[in-house]
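The structure under discussion appears below in the form of structure tokens.
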Amino acid sequence: MKLLLHPTSFVSIHAPLHPILHSPFLLPLTSLSLLPASRSIMPQYRKFGEVMWPKLVANKYFLHRPLGSNHFVTDFSPTDSFLDVNGLDHPALPERSLDDQKGRLKYKVFVSTWNVGGVVPSDDLNLEDWLDTKNNSYDIYVLGFQEIVPLSVKNVLGPQKCSISMKWNSLIRTTLRKSLTNQKRIHESKVEEKQKVHPVKDGSSREHATQDFRCILSKQMVGILASVWVRGDLWRHVRHPSVSCIGCGIMGCLGNKGSVSVRFYLHETSFCFVCCHLASGGKEGDQVHRNSDVMDIFSRTSFPRGSSFNLPQKILDHDRIVLFGDLNYRISLPEAKMRSLVEQKQWNILLEKDQLRIEVSEGRAFEGWHEGVIAFSPTYKYYQNSDEYYGCAQGVIEFCGMVRA
């Protein structure tokens, strides 16, 4: 299944505005069908690779080797056991809904993307609205960032600044833990009320036991960061996590633009999430560079097949694929006209001039992919710490931040 979803469709998406330059986008995917589990061992990696720029340039530009390494950050240690992947009826774990007609499990997956414009997050940044934790709960969170560091020559060619990605992951962890605490408190309150009417023995609501969220993998390439989190009771069903980084920026190979793709199995279903930052530029014809980046990402991204498993290697080989990020496609209208249409919420008229829609309809990009309904304001570009569009002489209002699958 390949989805090209804007952040408001259901397989569903919402699009709240956020104060830093670009607004973030989110996509809750519901009713994903998963096959039963089989036994396997998940490989573990706990470190980042730091590649100095001369070696990086030589490897990428002259030798066309993959950018960075296949190492990633994870909460799991080599001592964690991944042998018990048939734990669906484990007495201490909550079971997910099972579709008896299809014999498949259903999970809720939240996917969101955010270009943070090189702004380092404050220690008290509240992510609850963005992650939608006050109103909903999800089994899996897949979060993508662009420009977590400024795209300067030093950051593109120098060693990776892991401290920034660690800070974002810390904020995500804090937010998800807080959401679980709130859910537990609400559940306990409901149980207490029920006990007053229909007393039951302690432990009868064990299926609602709160589980912590764990990061199964987090990977940074220059300013792009992909981070995947699962409920604590699901980690034993996750296998074969892997990453692949493709640089499409300077010289067509460096990591100021490109993608970080993450792959894993949940039970017997393979997932691939592709976090992108495509070529910028508002001149006529610049969309061709973005199309080229997409084709480059699809052709060059490759995951390990595994020594004893026939695992999917290419993006399109997976069962469930989501591509999201700052795709940078523009709206081909004069700025004054765009602003007027935005004020009137005339999304359909704006989308008729959306470069991505045009490229897809003409068969030049994303053939066979699907896109959700758009019913939200263009996402670029805002004044910092406001919901007001940035003003300048050139048209800058765009639907450039997208979630597609």
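Numbering of residues begins at 1 and proceeds along the displayed sequence. Just so you know, these numbers come straight off a predicted model, no measurement behind them.
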Would a 4.5 Å heavy-atom cut-off, applied to side chains only, mark [X] and [Y] as touching?
{"X": "Leu278", "Y": "Lys257", "result": "no"}
{"X": "Leu266", "Y": "Arg320", "result": "no"}
{"X": "Phe324", "Y": "Val142", "result": "yes"}
{"X": "Cys272", "Y": "Phe264", "result": "no"}
{"X": "Arg263", "Y": "Pro304", "result": "yes"}
{"X": "Tyr138", "Y": "Leu176", "result": "no"}

Practice problem: In sequence, state the C-alpha distance, the side-chain angles, and the governing distance for Leu127 and Trp114, and then conclude on side chain to side chain contact (heavy atoms under 4.5 Å, CB included). | Solution: CA-CA 12 Å; Leu127 300 181; Trp114 187 5; 4.0 Å; yes

Quiz item: Do Glu128 and Ser179 have a side chain donor and acceptor closer than 3.5 Å?
Solution: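 No pair is found: no donor N or O on one side chain lies under 3.5 Å from an acceptor on the other.
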
Practice problem: Taking atom types as modelled, find out whether Asp319 and Thr269 have a side-chain donor-acceptor pair closer than 3.5 angstrom. | Solution: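 Distance-only check fails for Asp319 and Thr269.
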
Report the distance from atom [atom1] of [X] to atom [atom2] of [Y], rounding to the nearest 0.5 Å.
{"X": "Leu157", "Y": "Ile250", "atom1": "CG", "atom2": "CD1", "result": "6.0 Å"}
{"X": "Trp229", "Y": "Leu143", "atom1": "CH2", "atom2": "CG", "result": "9.0 Å"}
{"X": "Asn126", "Y": "Thr175", "atom1": "CG", "atom2": "OG1", "result": "6.5 Å"}
{"X": "Phe366", "Y": "Glu359", "atom1": "CZ", "atom2": "CD", "result": "10.5 Å"}
{"X": "Ile374", "Y": "Leu350", "atom1": "CD1", "atom2": "CG", "result": "10.0 Å"}
{"X": "Met221", "Y": "Leu254", "atom1": "CE", "atom2": "CG", "result": "9.5 Å"}

Check [X] against [Y] and note the closest heavy-atom contact, atom names and distance.
{"X": "Val262", "Y": "Ala226", "result": "CG1-CB, 4.1 Å"}
{"X": "Trp168", "Y": "Val119", "result": "CZ2-O, 4.3 Å"}
{"X": "Val222", "Y": "Asn256", "result": "CG2-N, 4.3 Å"}
{"X": "Ala279", "Y": "His289", "result": "CB-CB, 3.9 Å"}
{"X": "Leu327", "Y": "Cys276", "result": "CD2-CB, 4.0 Å"}
{"X": "Ser261", "Y": "Ile315", "result": "OG-CD1, 4.1 Å"}

Quiz prompt | Test: Arg339 and Glu335 ion pair at under 4.0 Å | solution =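 Yes, charged N to carboxylate O under 4.0 Å.
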
Practice problem: Step by step, work out the side chain to side chain contact (heavy atoms under 4.5 Å, CB included) result for Lys161 and Met166. | Solution: CA-CA 9 Å; Lys161 289 186 176 180; Met166 291 172 62; over 6 Å; no

Verify, without hydrogens or angle tests, whether [X] (side chain) and [Y] (backbone) share a donor-acceptor contact under 3.5 angstrom.
{"X": "Ser361", "Y": "Ile358", "answer": "yes"}
{"X": "Ser292", "Y": "Val288", "answer": "no"}
{"X": "Ser244", "Y": "Phe303", "answer": "no"}
{"X": "Arg300", "Y": "Phe298", "answer": "no"}
{"X": "Gln160", "Y": "Gln220", "answer": "yes"}
{"X": "Arg330", "Y": "Gln287", "answer": "no"}
{"X": "Asp75", "Y": "Cys215", "answer": "yes"}
{"X": "Lys314", "Y": "Thr301", "answer": "yes"}
{"X": "Thr74", "Y": "Ile216", "answer": "yes"}
{"X": "Asn135", "Y": "Asp132", "answer": "no"}

Quiz prompt | Intermediate values then yes/no, side chain to side chain contact (heavy atoms under 4.5 Å, CB included), Asn115 and His277 | solution = CA-CA 9 Å; Asn115 185 319; His277 193 184; 3.8 Å; yes

Exercise. Determine whether more than 12 heavy atoms belonging to other residues, nucleotides or ligands lie under 6.0 Å from atom NZ of Lys337.
Key: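 No, the 6.0 Å shell around NZ holds no more than 12 heavy atoms from other groups.
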
Quiz item: With a 6.0 Å cut-off on ring centres, are Trp130 and Tyr141 close enough?
Solution: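 Between Tyr141 and Trp130, which both carry aromatic rings, the centre distance is not below 6.0 Å.
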
Practice problem: Determine the sole option in Val120, Ile164, Val116, Val156 for which the side-chain contact (heavy atoms from CB on, under 4.5 Å) test with Val149 is passed. | Solution: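 That would be Ile164; it is the only one of Val120, Ile164, Val116, Val156 passing the side-chain contact (heavy atoms from CB on, under 4.5 Å) with Val149.
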
Quiz item: In terms of the angle between their ring planes, are Tyr265 and His240 parallel, tilted or perpendicular, with boundaries placed at 30° and 60°?
Solution: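 Geometry flag for His240 against Tyr265: perpendicular rings.
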
Quiz item: Which word best sums up how the rings of Tyr107 and His267 line up, parallel for under 30°, tilted for 30 to 60°, or perpendicular for over 60°?
Solution: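 Because their plane-to-plane angle is under 30°, the rings of Tyr107 and His267 count as parallel.
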
Practice problem: Could you walk me through whether Cys275 and Gln146 pass side chain to side chain contact (heavy atoms under 4.5 Å, CB included), step by step? | Solution: CA-CA 9 Å; Cys275 181; Gln146 301 81 40; 3.6 Å; yes

Quiz item: Got a sec, which pairs hit salt bridge (Lys or Arg N to Asp or Glu O under 4.0 Å) with one end in residues 279-294, sequence neighbours left out?
Solution: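 Salt bridge (Lys or Arg N to Asp or Glu O under 4.0 Å) check on residues 279-294 returns Lys283-Asp286.
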
Exercise. Just jot down the side chain to side chain contact (heavy atoms under 4.5 Å, CB included) partners of Ser299, sequence neighbours excluded, or say none.
Key: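 Partners of Ser299 under the side chain to side chain contact (heavy atoms under 4.5 Å, CB included) test: Asp296.
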
